[in-house]
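Inspection log for the structure reproduced underneath, given as structure tokens.
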2 protein chains.
Amino acid sequence: MATANIKEVARHAGVSLGTVSNVLNRPDTVAPATRQRVLDAITTLGYVRNDSARQLRAGHSRTVAIVVLDVANPFFTDVVRGAEQVVEEAGAMLVVCNSGEDSARERRHLELLEEQRVRGVLITPVGHGPQPNLDKLIDRGIPVVLVDRGTGRANRCSVAVDDVLGGRLAMDHLLDQGHHRIAYLGGPLSIAQVADRHAGAAAALEERDSGAELRVAVTGSLTVAAGRRAAEELLALPARQRPTAVFCANDLIALGVLQELTARGLRVPADVAIVGYDDIEFADAAAVPLSSVRQPRDQLGRTAAQLLLEEAEPGDAHRHRHVVFQPELVVRRSSDHPRRARR
Amino acid sequence: MATANIKEVARHAGVSLGTVSNVLNRPDTVAPATRQRVLDAITTLGYVRNDSARQLRAGHSRTVAIVVLDVANPFFTDVVRGAEQVVEEAGAMLVVCNSGEDSARERRHLELLEEQRVRGVLITPVGHGPQPNLDKLIDRGIPVVLVDRGTGRANRCSVAVDDVLGGRLAMDHLLDQGHHRIAYLGGPLSIAQVADRHAGAAAALEERDSGAELRVAVTGSLTVAAGRRAAEELLALPARQRPTAVFCANDLIALGVLQELTARGLRVPADVAIVGYDDIEFADAAAVPLSSVRQPRDQLGRTAAQLLLEEAEPGDAHRHRHVVFQPELVVRRSSDHPRRARR
DNA sequence: CCGGCTGGATGAAACGTTTTAGCCGCTATA
DNA sequence: TATAGCGGCTAAAACGTTTCATCCAGCCGG
């Protein structure tokens, strides 16, 4: 019942224990005949290598961890899938931990991961302050790569997406379509992403000097319901002041806006154009397919994992890098309706 | 740099190595003064327990694995969250593995997990055939709990949701609302869930003997696009034959139907009522909030984890159990419009 | 015939815990 | 006063690998 160990395999094959280990780890250094005998013994005994012992000897494990803010958030699930891919290609294993935006849980996870001597940690940390836990990990020699947060740190790598650029893309597109009264919907502004996207939009508007105006409506959250409420407010405006286009801080808000507007008899994009952010799966499936700014989510995960593995590689000195990806505007029906320029 | 070990802590605190271990594992058996000295040594040295060594000694790890078909599927993410909760309460750690519906990857994961001597495995296996990998695990004494698949096996626990009942609930509701021409939309029927939900609906109809008729439209997939196409087909029927209610095998199809119908000028639920299945987050956020059959997803994860931990508990003989949960109908606007009975 | 080399195998140390048996000094009991 | 018991601690074995220093036999060149 108790699984066979390497010693029993050795006895069964009539070789020494070290030879079995060699068969497992350096098969070419052992004579074909003996190798085969050992392999046979392994299969007949159903031997399975004990990773704890291997790790103990090696001093570290072959697993990489990713700590996300929410396992159920499509953004992170895509990042996970990307990371998974490269980690598995490297013969390691990716374990997914969920902090649930709770820093106590995050800390507990990091402690456990440290006890496990993981090879490295990909993490989107809770909050924005200093990160003593992460510094501790790094001090201990466990590489850490930040995902979509705090690009600036010197002692670790990071990957992120340029949200300011994302805001610019959306705004440039709407200006190109001839809009002059545009709204930005999103909040709270304390979320870096929300603020950055707005900053990008504002900067783009400024630079164009087109005389267009940007109205900002701060929402309490990034949900469909918040989008509906925001749309109601827009509808309360006199028609002449009402924006002809809205740029939303994420797709949930955009979908809420879309629903409310169509429910009230406005046509999208003819009366109001909409651009969302994130390009979630439903963007394409909405009643009016939604234009959206897409982030290269799986690539975020992939390069994060690559940076980590590179850093974990022994030998060559590693230089920390901060990779910033560029988002991409996906134009669909919700904003595809150029209007004659007028002012 | 290399992390301090228990021996150094002992030396630093002027005690024996075993005493340090006692402080860590049975603090009450060591005198307060010594205990404090050891704790101080631990913090000043920054000692972190080496889990590999602990596991090696213990013979098994303190982690539980869950292998899902798709990390990005909301169903599984909720199951994961549920499982996570109870596993963490038990002081263990949950690692999430993604098979991606690929049996090779599933096998590889199981092999690695076995090498790690995990405490147990929660899994929704790929495919429906026999499961030699799982049997192997069980032979080795690693408990396995099936999630939402293959309830019948004798050598393992399982948790599932009664999809036949779900079909009944939806159908009963529509019949209660006075509908007589009803359609079931979903496919392919090779998916057990799709077939079960249909079976339940058909059985409910049969039992009521109301003279109502059920039209089945098999779709190629469970997507929004498939729902749209199915709705088009319904619209092509002469109005007198057109169903006044549709029950969809999942919410994506239902949303597609909703979009297509409203786009073509039909009102939901006045002209056509819709009931979906799964109660995904968007069901409530749709243009017309969608009635849906809800599965207790996180509870599925929670009890799966509980069964597993119970089985992993040494000592008392464990009896395998097969827990079947009952789904629940959530009525929202999309089907809330009773029509006068007529035939 | 001898020394050196090489492919192939061996034995033992080491990794860092947990656990068990045992030791020591003290107190309470007879 | 002897003894049993006990609290508090120590020493050592064991967990299953990997790796490193050795060793052995055979072979080749000198």
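Naming convention: chains lettered A, B, ... in sequence-line order (proteins, then strands); numbering from 1 in each chain.
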query: Which of these nucleotides, dT17(D), dT19(C), dC15(C), is closest to any side-chain atom of Ile6(A)?
result: dT17(D)

query: Given atom CG of Leu24(B) and atom P of dT17(C), what is their separation to the nearest angstrom?
result: 8 Å

task: Could you state the atom-to-atom distance from CG of Asp51(B) to C1' of dT18(C) in whole Å?
output: 13 Å

- prompt: Are His322(B) and His320(B) close enough that their ring centers fall under 6.0 Å?
  reply: no

query: Tell me: NZ of Lys7(A) to C1' of dC15(D), nearest whole Å?
result: 10 Å

query: So does Arg117(A) get a side-chain nitrogen or oxygen closer than 4.0 Å to the phosphate oxygens (OP1/OP2) of dC15(C)?
result: no

- prompt: Atom CG of Leu56(A) and atom C1' of dT18(C): how far apart are they, to the nearest Å?
  reply: 13 Å

task: Applying ring pair (Phe, Tyr, Trp, His ring centres under 6.0 Å), name anything that partners His60(A), two or more places apart in sequence or on another chain.
output: none

task: Considering only NZ, NE, NH1 and NH2 on the basic side and carboxylate oxygens on the acidic side, decide whether Arg108(B) and Asp102(B) come within less than 4.0 Å.
output: no

- prompt: What integer distance in Å separates Gln55(B):CD from dC15(C):C1'?
  reply: 14 Å

query: In whole Å, what is the span from the CG atom of Asn50(B) to the C1' atom of dT18(C)?
result: 13 Å

message: Would Asn73(B) and Thr77(B) count as a side-chain hydrogen bond (donor to acceptor under 3.5 Å, both in side chains) here? Give the steps.
response: CA-CA 6 Å; Asn73(B) 180 326; Thr77(B) 56; over 6 Å; no

- request: Write out all pairs satisfying side chain to side chain donor-acceptor pair (under 3.5 Å) with one or both partners inside residues 80-90 of chain B, taking only residues at least two apart or from two chains.
  value: Asp70(A)-Arg81(B), Asn98(A)-Glu84(B), Arg105(A)-Glu84(B), Arg105(A)-Glu88(B), His109(A)-Glu88(B), Asp78(B)-Arg81(B)

message: Under 4.0 Å, heavy atoms only, any strand: does Asn25(B) hit a base, just the sugar-phosphate, or nothing?
response: sugar-phosphate

Whole-Å distance separating the NE2 atom of His60(A) from the C1' atom of dT17(D): 14 Å

task: For Arg26(A), report the nucleic acid contact type (base, sugar-phosphate, nothing); a contact means any heavy atom under 4.0 Å.
output: sugar-phosphate

task: Could you list the residues that satisfy ring pair (Phe, Tyr, Trp, His ring centres under 6.0 Å) with His128(B), not counting sequence neighbours?
output: none

field: Nucleic acid footprint by protein, nucleotides 5-10 of chain D - heavy-atom cut-off 4.0 Å, B for base, S for sugar-phosphate alone
entry: ----SB

task: Check the distance between dC15(C)'s P and Arg54(A)'s CZ and give it to me in whole angstrom.
output: 19 Å

message: By the side chain to side chain donor-acceptor pair (under 3.5 Å) test, which pairs, at least two apart or in different chains, include something from residues 111-125 of chain B?
response: Glu114(B)-Arg140(B)

message: Between Asn5(B) and Arg49(B), does the side-chain hydrogen bond (donor to acceptor under 3.5 Å, both in side chains) criterion hold? Intermediate values first, please.
response: CA-CA 7 Å; Asn5(B) 60 17; Arg49(B) 202 214 301 284; over 6 Å; no

message: Is there a side-chain hydrogen bond (donor to acceptor under 3.5 Å, both in side chains) between Thr44(A) and Asp40(A)? Walk through the geometry before answering.
response: CA-CA 6 Å; Thr44(A) 70; Asp40(A) 289 348; over 6 Å; no

Under 4.0 angstrom between Arg57(B) side-chain N/O and dA13(D) OP1 or OP2: no

query: If an axis is fit to five pairs at each end of the helix from dC1(C)-dG30(D) to dA30(C)-dT1(D), what is the angle between the two, to the nearest 10°?
result: 50°

